[in-house]
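Remarks on the structure that follows.
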Amino acid sequence: SVWSSGPPLLLKPGQTRLCNQIHFSVTPGPHWTCHNYCIHAANKKWTKPDGYDTGIKVFNSLTKQKEPLILAREKIATWYSCGPTVYDHAHLGHACSYVRFDILQRILTRLFGITVIHAMVITDIDDKIIKRCWEENISPTILTRMFEDEFKKDMLLLKVVPPIVYLRVTENVHHIVTFIEQIIRNGHAYATSDGDVYFDIQSIGDRYGRFIGAMQSHETGSSNKRDPRDFALWKKSKPQEPFWDSPWGRGRPGWHIECSTVASSVFGSQLDIHSGGIDLAFPHHENEIAQSEAYHQCGQWCNYFLHSGHLHLKGRAEKMSKSLKNYITIKDFLKSYSANEFRMFCLLTKYRSGIDYSEGSMQEARASLETVSTFINSAQAYMKGQLITAPVQEALLWDKLEETKVTVQTALADDFDTPRATSALLNLVYHGNCQLQPLSKGTGDARSPAVVGALVSYIQELFHMFGIDTFKNTEGQAVESGQDLEAVVDQLARFRSEVRGFALSPQEGSSKMGKPKLYPDRVPLLKACDTLRDTLAPLGIVIKDRGASSTWELTQRRLKGPEENQDTSQ
């Protein structure tokens, strides 16, 4: 028996239990021995991970301070994020969080050479979804798939690189049931007579409460709970609610357990980075930690929690949210502003700071982008010999370029300080513009296209890393967006398939046993289809004929419009 503050616990050989933050196991033999391992007696203390030091510091919500970012594997970061609850349109509050973390992942990948393995869960069953389905008299599957597809399209329009994998809660319920069963076996959850399952907060002692406010709130629910803070892992289904079978009866998962299960199914018992809005810190992320560490019987399941600040409508204290009906949908926003402008808006504040949305702040972002674009166009004209200027102070620009590179690298390694990095880039643009003031007549002095080209290359590289395309169409011709291009290719491929199908139609009366004969006058059509396919391939439009049908895809070599980012092809 092992005693804690409660009654004795009888452990069988090989069984484990967490008692007062000490993880016990029993080993059979001439003398029964008790081992303390895995769970840190330091309770809430964060343990610096072992592994690859990236040289980056991040603000870790677990410690409320900046910590060195150390990864379990060299140049590989495992990253889990909470996805949307798909019962309504995504709004700018969602966009702000996802775009900000997309920028962080781009910085890790493109500046620091770290491969980010990102997984996201889609919550497609919960109380809000059920309520909306009743109101609309629509099935949960239809409702959630519709808003899930809309969310993914919105993210592509904002040029957010998709995660490696999206996982739906409804497709992982069997994993969730197994996950809950293991938590019960480990002594950290209990089933009630009502058919609910709750996490036992008392079983982990004072390890609960990593985030601010954790001890001031609790989840309402069954009167059979042992502690008001206990939260649901499994909820008994009510009449007319969707349900799944389980050892505790028909029901559905609680909100928090889905993320622990899905993250563990992808990344196992150790996660480098977990991200989400600051409003998810408690209770959602707090409960994720409790569940995951109880399941894996470890002391630190996730090493870093990164939280983004809320987006507010300027002059209003509350965050933008669906429940408060104070939101602007992403589609409505994109009628007035571009994805580039929204990304610049996000870059001008730190990702973990609150951010005020207003027409004024968006105009500031637009003006900043126009300044960059103006410089790039002037620089390109200068390099072509089309812009006459006074002699460029070449040494000054080389020094400013090197200074900017150091400042940007330092800023982004310091908790992804995009405002400081962006300010340095805009300052470099300012000095470049000062040197490219046009003159009416040439002076015959030597020109300095190399340094101007170096500035353009670096500025474009950095803004492209942030997901911003700074090219302007200097010829004044309309360039189709990626979405329009795909629509054109789709129509072209469909027309070709119809022509090809007509050309492949066998002659009437041809033998069914042997190879069917084609109409001779249709063979040129078939050859024309093949020629079109072969001609489009070098342009990045790959058409693959699969029997009588065809498929197509756009490769990285295709032409891109000014508002399109290469990552959307992923």
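Counting from 1, the numbers follow the sequence of the chain as shown. Note that the structure is a prediction, hence the values are computed from the model and not measured.
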Would you please say whether a donor-acceptor pair under 3.5 Å links the side chains of [X] and [Y]?
X	Y	answer
Gln65	Glu67	yes
Trp255	Thr123	no
Glu288	Tyr80	no
Arg168	Thr144	no
Asn340	Lys159	yes
Ser361	Ser358	yes
Asp126	Thr85	no
His285	His307	yes
Glu402	Trp398	no

Sort out for me which residue in [options] forms a side chain to side chain contact (heavy atoms under 4.5 Å, CB included) with [X].
X	options	answer
Ser368	Leu347, Leu426, Leu425, Thr422	Leu426
Leu167	Thr261, Val266, Ile122	Val266
Ile273	Asn60, Val58, Leu69	Leu69

Side chain proximity check, His89 to Lys331, heavy atoms < 4.5 angstrom: no
Check the orientation of Phe345 and Phe342. Use parallel for under 30°, tilted for 30 to 60°, and perpendicular for over 60°. tilted
Aromatic Tyr166 / basic Lys152 pairing, under 6.0 angstrom, 45° off normal: yes
Arg352 to Phe59, cation-pi by 6.0 Å centre distance and 45° axis angle: yes
Determine whether Asp356 and Thr349 satisfy the following criterion, side chain to side chain contact (heavy atoms under 4.5 Å, CB included), listing intermediate values before the conclusion. CA-CA 10 Å; Asp356 286 334; Thr349 57; over 6 Å; no
Measure centre to centre between the rings of Phe151 and Phe147, then say whether the value is under 6.0 Å. no
Is the distance between the ring centroids of Phe211 and Phe305 less than 6.0 Å? yes
Apply salt bridge (charged side-chain N to carboxylate O under 4.0 Å, His left out) to the pair Lys350 and Asp415, showing each step before the final yes or no. CA-CA 9 Å; Lys350 293 185 178 180; Asp415 194 33; over 6 Å; no
Answer yes or no: is there an ion pair linking Arg132 with Glu136, defined by an N-O contact shorter than 4.0 Å? yes
Going by an N to O cut-off under 4.0 Å, is there a salt bridge joining Lys153 and Asp149? no
Any chance you could lay out the salt bridge (charged side-chain N to carboxylate O under 4.0 Å, His left out) test for Glu461 and Arg110, step after step, and finish with the verdict? CA-CA 10 Å; Glu461 178 186 345; Arg110 303 186 184 195; over 6 Å; no
Take Asp124 and Arg145 through the test salt bridge (charged side-chain N to carboxylate O under 4.0 Å, His left out) and record every step on the way to the result. CA-CA 8 Å; Asp124 57 348; Arg145 293 297 186 275; 3.5 Å; yes
Would Arg343 and Asp102 count as a salt bridge (charged side-chain N to carboxylate O under 4.0 Å, His left out) here? Give the steps. CA-CA 10 Å; Arg343 283 181 170 267; Asp102 177 71; 2.6 Å; yes
